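Encoded as structure tokens, the structure appears first; notes follow it.
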Amino acid sequence: MSGTSVDGLDLCYSAFTKTEHNVWNFEILKTETYAYPEEWEDKLLNSINATATELMELNSDYGFYLGEQVQKFIRENSIQQVDVVASQGHTVFHQPQKRFTTQIGDGRAIKIVTDIPVVYDFRSQDVLLGGNGAPLVPIGDQLLFPEYDACLNMGGFSNISLSFKGKRIAFDICPVNIVQNHYAEKLNKKFDSNGDLARSGNVNVEILETLNNLEFYKITGPKSLGREWVVKEVFPLLDQMKTEDALATVAEHSAEKIAEVFRFYHLKNVLVTGGGAYNTHLISKIREKTETNVIIPDPVLVDFKEALIFAFMGVLRIKNEINVLSSATGSSTDHCTGILL
Ligand SMILES: Nc1ncnc2c1ncn2[C@@H]1O[C@H](COP(=O)(O)OP(=O)(O)OP(=O)(O)O)[C@@H](O)[C@H]1O
Ligand SMILES: CC(=O)N[C@H]1[C@@H]2OC[C@@H](O2)[C@@H](O)[C@@H]1O[C@H](C)C(=O)O
């Protein structure tokens, strides 16, 4: 799994079993994040500006790179048995309205290097079926974490999946780390560790009110946010303020929007993962605003839940079982996705 922040490659070696009552269980056996060398960080960040031929080359090169990282992971952890390698690749273009989504990292190269069955290209089929090609993790939330009312992930943006009127629904809630990192960088920090900078600032109530009432929050149903929205709607409001106050205000905003969703759906217990789960300031703000039991699991799960679920989707693919929920992506039907080699 390679996320939007391009900090590294998450590898998760896991085992899945299905009980006679059709309940899935998982075990995370080994995990590793291999930080990208600067060369790869640059290549991935610049990939959106590549020419068509450069992108083709990158697709092959990155596929071989992924294969080599998998080999290294297997070797360093003395892993004996691997049934399948599931790879999300790295998203470069994502335009579901135009029926395409591009994840680079050719699965055939992974197969050539590792000689292990590979599943890749998880998103294209969904887009061709009229879906958004994302989010895909709700199938894993539903089958691997049924004991929680909802699963919240706090990465660049916060997104949630929950069961509502018998269906698994999912949507982006609000920006989290994408905004916090931007302002933390102005104070020469990579991110606002534990929310300490936000804690030291003052909330600007007027700007908070404007943020809370942005048009996006009036949309109901499946919806998603992107960097462009943040640049257009959020930064101009916060740029007027002292950096610590901007951080305090956006933390208050994110906490309020997340708590609003918890209250609206009467959620009793929510599993919280993604780097934002380490932001103690944000978490205590959310807890102040709801009765919901906010559950932060072991750091391994906080950091590797998405990789774990892609591995699970790979397993469902080799068993020819449904691994995408149309209720989450908007596609015309539930389906079994991924190219299996
Ligand atoms: N101790 C911490 N305190 C506050 N924030 C933290 C802490 N540790 C990590 N983070 C935040 O988490 C981010 C990394 O989280 P994560 O890996 O989930 O993001 P991502 O890869 O951008 O996610 P996604 O692709 O799901 O959007 C960091 O950039 C930082 O903002
Ligand atoms: C197109 C794409 O790569 N989307 C990612 C991205 O990273 C986070 C968010 O945007 C989510 O929608 C998705 O990944 C998660 C793992 C998903 O599909 O569920």
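All ligand and atom numbering here is 1-based and tracks the order in the structure. Predicted model, so just to flag it, every value in this text is computed and none were measured.
Between D126 and R123 there is no salt bridge, since none of the side-chain N atoms of the basic residue sits less than 4.0 Å from a carboxylate O of the acidic one. Between E185 and K190 there is no salt bridge, since no side-chain nitrogen of the basic residue lies less than 4.0 Å from a carboxylate oxygen of the acidic one. Between K289 and E252 there is a salt bridge, since at least one side-chain N of the basic residue sits less than 4.0 Å from a carboxylate O of the acidic one.
In terms of protein heavy atoms, atom 16 (P) of ligand 1 is closest to G275 N, 3.7 Å. The protein heavy-atom contact nearest to atom 4 (C) of ligand 1 is D192 O, 3.2 Å. Distance from atom 13 (C) of ligand 1 to its nearest protein heavy atom, with residue and atom name: N177 ND2, 3.5 Å. For atom 21 (O) of ligand 1, the closest heavy atom belonging to the protein is S5 OG, 3.0 Å. Nearest to atom 25 (O) of ligand 1 among the protein's heavy atoms is T4 OG1, 2.8 Å.
Residues forming a ring pair (Phe, Tyr, Trp, His ring centres under 6.0 Å) with F312 (at least two apart in sequence, or on another chain): F16, W24. Partners of F64 by side chain to side chain contact (heavy atoms under 4.5 Å, CB included), not counting sequence neighbours, listed by chain and number: E68, A109, I112, V113.
Proximity annotation for atom 19 (O) of ligand 1: of S158, S193, G8, G155, G155 comes nearest, heavy atoms only. Between N181, D303, D196, V6, it is N181 that holds the heavy atom closest to atom 31 (O) of ligand 1. Of the options N194, N279, I283, the smallest heavy-atom separation from atom 3 (N) of ligand 1 is shown by N194.
With hydrogens and angles left out, the side-chain atoms of N212 and H253 include a donor and acceptor closer than 3.5 Å. For the residue pair S124/D121, the side-chain donor-acceptor check at 3.5 Å is satisfied. Looking only at atom types and distance, the side chain of N279 has a donor-acceptor partner in the side chain of Q180 under 3.5 Å away. The closest side-chain donor-acceptor pair between S224 and D172, if any, does not fall under 3.5 angstrom.
With a heavy-atom cut-off of 4.0 Å, N153 touches ligand 1 through its side chain alone. Proximity of F191 to ligand 1, defined as any heavy-atom pair under 4.0 Å, is confined to the side chain (atoms from C-beta onward).
Residues F304 and F310 keep their aromatic ring centres 6.0 Å or farther apart.
By the neighbour-count criterion of 12 heavy atoms within 6.0 Å, atom NZ of K30 is sparsely surrounded, having that number or fewer from other residues, nucleotides or ligands.
Against a heavy-atom cut-off of under 4.0 Å, G3 is close to the following atoms of ligand 1: 25 (O). Of all the atoms in ligand 1, the ones that sit under 4.0 Å from a non-hydrogen atom of G274 are 18 (O).
Backbone and side-chain nitrogen or oxygen atoms of D7 are examined, and none is located within less than 3.5 angstrom of a nitrogen or oxygen of ligand 1. Of the polar atoms of G156, at least one N or O is found under 3.5 Å from an N or O of ligand 1, judged by distance alone.
Hydrophobic side-chain contacts under 4.5 Å tie I207 into a cluster, directly or through other members, with F157, I178, V179, Y183, L187, L197, L211, L214, F216, Y217, I219, L225, W229, V230, V231, V234, F235, L237, L238, M241, L247, V250.
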task = Determine, stepwise, if the pair K305 / D141 fulfils salt bridge (charged side-chain N to carboxylate O under 4.0 Å, His left out).
result = CA-CA 9 Å; K305 177 171 161 275; D141 292 346; 2.8 Å; yes

Just list the N/O pairs, ligand 2 to protein, that are under 3.5 Å apart, with the distance for each.
residue	atom	partner	partner atom	Å
ligand 2	3 (O)	T91	OG1	2.6
ligand 2	3 (O)	R123	NE	3.4
ligand 2	14 (O)	R123	NH2	3.2
ligand 2	18 (O)	R123	NH1	2.7
ligand 2	18 (O)	R123	NH2	3.2
ligand 2	18 (O)	L136	N	2.9
ligand 2	19 (O)	L136	N	2.9
ligand 2	19 (O)	V137	N	3.0

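At a 4.0 Å cut-off, at least one heavy atom of E306 sits close enough to ligand 1 to count as contact.
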